[in-house]
Asks: 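After the structure tokens below, expect a handful of questions from me.
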2 protein chains.
Amino acid sequence: MPTRPGARDRLVEATITLLRERGVHGTGVAEVLERSGTARGSLYQHFPGGKADLVAEATRSAGRRAARHVARTSDGTAGSLLDALVDWWVATLTKHDFGRGCPVAAAALDETGATTDAAGRVFTGWTDELAGLLGQDRDPEEARRLAGFVVSAVEGALLQCRALRSTVPLEDARVVLRGLVSPS
Amino acid sequence: MPTRPGARDRLVEATITLLRERGVHGTGVAEVLERSGTARGSLYQHFPGGKADLVAEATRSAGRRAARHVARTSDGTAGSLLDALVDWWVATLTKHDFGRGCPVAAAALDETGATTDAAGRVFTGWTDELAGLLGQDRDPEEARRLAGFVVSAVEGALLQCRALRSTVPLEDARVVLRGLVSPS
DNA sequence: CCCACTATAGACCGATCGGTCTATAGTGGG
DNA sequence: CCCACTATAGACCGATCGGTCTATAGTGGG
């Protein structure tokens with residue numbers, strides 16, 4: 001049995017899940033503490049800025065984890081990265097009955113400067129990484145544009161999937177985007 | 001001077017604006033009343049279901065208005081509709097310093113059934129309307145898929161624009177989507 | 001004329017919000 | 001050995017949450 005993660009990690013973990021379910025405003029400190037089994041004092045010890053601090057860190061952490069997961073799952077081509085991404089989201093949406101979305105999208109819609117800032121940096125990081133892959137077959141400007149577009153399309157499809165309670169928008173995105181990222 | 005709109009219309013109007021700024025959870029009944037200059041009792045007279053009722057109606061109303069606006073601004077081709085859409089959002093984001101997004105996206109991320117339901121219906125309505133235009137040059141299945149994809153891409157671009165405080169994602173979407181919707 | 005409807009102002013409700021603080025323990029390094 | 005750090009439980013704070021209710025007016029149709 002692995003040792004129990006520290007209070008800080010448990011807080012971040014619970015916050016990511018709650019962001020995905022309810023967004024920033026809907027995430028209460030009390031529920032974060034309850035779900036993570038953590039004392040109130042520990043939160044303000046690790047995150048002196050309180051909730052805003054915690055949410056920003058959760059956003060960054062989720063962004064890093066997603067990039068790592070997708071890179072590990074795909075074979076390094078843009079097409080397989082796209083499949084890894086769509087497959088993961090389809091599985092997650094189905095598993096949690098469309099109740100969990102993207103924590104970075106949730107952070108992007110907050111009005112706190114630090115939170116949207118963190119979300120913006122994650123989006124930029126994803127775009128840069130994908131642009132590197134796409135740049136093998138295209139000039140850099142077009143690669144960057146297409147990479148940012150893929151991020152937009154997947155985030156938007158995710159939004160629609162949750163509202164429609166259907167994975168069709170993501171599958172539609174897979175088909176159209178595959179036509180765009182595959183070398184012509 | 002036009003007569004002051006009724007309490008119901010003022011409530012819906014203020015709610016749409018607040019949804020765009022703060023999302024469903026971030027929208028407080030007290031602030032809706034303050035901004036609309038409406039009495040507390042009037043809210044529960046017109047919307048017996050309270051906040052959930054009001055938010056669902058605001059979502060539907062905003063969806064109808066957006067469809068009307070875009071239809072009025074464009075010349076009826078998919079390409080000009082796309083331009084009307086992107087132009088309007090770029091202007092709005094700039095005007096309000098990236099502080100106002102899409103109220104339907106905000107509703108889509110709520111966990112209340114009636115709210116996400118309303119958002120889903122709006123998305124479906126937009127998709128159907130656009131699919132009609134795109135179907136002139138394509139078979140119906142491809143037109144529907146592309147229409148839903150356009151909605152995803154624009155909503156996702158909007159999300160990124162707010163996080164990055166930049167209109168670049170929307171301009172990227174315009175370029176890529178134009179290539180997809182223009183008859184080949 | 002009156003009655004149903006809409007509207008307004010504002011008191012009030014219990015619940016929850018994020019944050020601060022005290023008291024008490026365990027623990028690991030200098 | 002002790003001291004700084006991390007952790008826990010829980011009381012407590014003022015502010016805000018969504019919702020209910022009463023009292024008072026205006027208004028338009030039967």
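Predicted, not measured: the structure shown is a model, and the values here were computed from it.
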Asks: How close or far is atom C1' of C:dG19 from atom CG of A:Leu33, stated in whole angstroms?
Replies: 11 Å

Asks: Closest to the B:His46 side chain: C:dT8, C:dT6, D:dG19?
Replies: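 Closest of the options to the side chain of B:His46: C:dT6.
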
Asks: Test for a donor-acceptor pair under 3.5 Å between the base of C:dG10 and the side chain of B:Arg40, counting only N and O atoms.
Replies: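 Not at all, since no donor on one side and acceptor on the other fall under 3.5 Å apart.
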
Asks: Provide, to the nearest angstrom, the distance between the CZ atom belonging to A:Arg8 and the P atom belonging to D:dT8.
Replies: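 A:Arg8 atom CZ is separated from D:dT8 atom P by 15 Å.
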
Asks: Using the closest heavy atom to pick a nucleotide of DNA chain C for each, name whichever of A:Pro48 or B:Gly37 lands nearer the 5' end.
Replies: B:Gly37

Asks: Using the side-chain heavy atoms of B:Ala39, tell me which of these nucleotides is nearest: D:dA7, C:dT8, D:dC17.
Replies: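 When the side chain of B:Ala39 is considered, C:dT8 is the closest of D:dA7, C:dT8, D:dC17.
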
Asks: Measuring from the side chain of B:Gln45 (C-beta onward, heavy atoms only), which nucleotide among C:dG19, C:dA7, D:dA7 has the closest atom?
Replies: C:dA7

Asks: Quick check on side-chain contact (heavy atoms from CB on, under 4.5 Å): which of B:Thr94, B:Thr167, B:Leu158 does B:Trp89 satisfy it with?
Replies: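 Going through the options one by one, the only one that passes is B:Leu158.
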
Asks: Between B:His25 (NE2) and D:dC17 (P), how many Å, whole number?
Replies: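 About 12 Å, once rounded to whole Å.
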
Asks: I'd like to know whether B:Arg144 forms a side chain to side chain contact (heavy atoms under 4.5 Å, CB included) with B:Arg138, so could you lay out the CA-CA distance, the side-chain angles of the two residues, the decisive distance to 0.1 Å, and finally the verdict.
Replies: CA-CA 10 Å; B:Arg144 193 215 51 80; B:Arg138 296 165 181 77; over 6 Å; no

Asks: Rounded to whole angstrom units, what separation is found between the CZ atom of B:Phe47 and the P atom of C:dT6?
Replies: 12 Å

Asks: CG/B:Asp87 to OG/B:Ser74 distance, rounded to the nearest 0.5 angstrom?
Replies: 11.0 Å

Asks: Once you apply the 3.5 Å cut-off to both distances, tell me the Watson-Crick or G-U wobble partner of D:dC5, or none.
Replies: C:dG26

Asks: So which nucleotide from D:dG18, D:dA7, C:dG19 ends up closest to the side chain of A:Lys51?
Replies: C:dG19

Asks: Nearest-Å distance, CD (A:Glu31) to P (C:dG18)?
Replies: 10 Å

Asks: Tell me whether the side-chain N/O atoms of B:Ser42 come closer than 4.0 Å to OP1 or OP2 in C:dT6.
Replies: no

Asks: State, with a plain yes or no, whether a side-chain heavy atom of A:Val176 is found less than 4.5 Å away from one of B:Leu180.
Replies: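 They are in contact (side-chain heavy atoms under 4.5 Å apart), so the answer is yes.
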
Asks: Please tell me if A:Arg10 has a side-chain N or O lying less than 4.0 Å from either OP1 or OP2 of D:dT8.
Replies: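 Yes, because at least one side-chain N or O of A:Arg10 sits under 4.0 Å from OP1 or OP2 of D:dT8.
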
Asks: Give the rounded distance in Å between these two atoms: OH of A:Tyr44 and P of C:dG19.
Replies: 4 Å

Asks: Any side-chain to backbone donor/acceptor pair from B:Gln160 onto A:Phe123? Under 3.5 Å, distance only.
Replies: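 No; judged by distance alone, with no hydrogens or angles, the pair does not exist.
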
Asks: Mind calculating the distance between CD (B:Glu34) and P (C:dT8) to the nearest angstrom?
Replies: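 Those two atoms, CD and P, are 15 Å apart.
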
Asks: If D:dC12 has a Watson-Crick or G-U wobble mate with both distances under 3.5 Å, name it; if not, just say none.
Replies: C:dG19

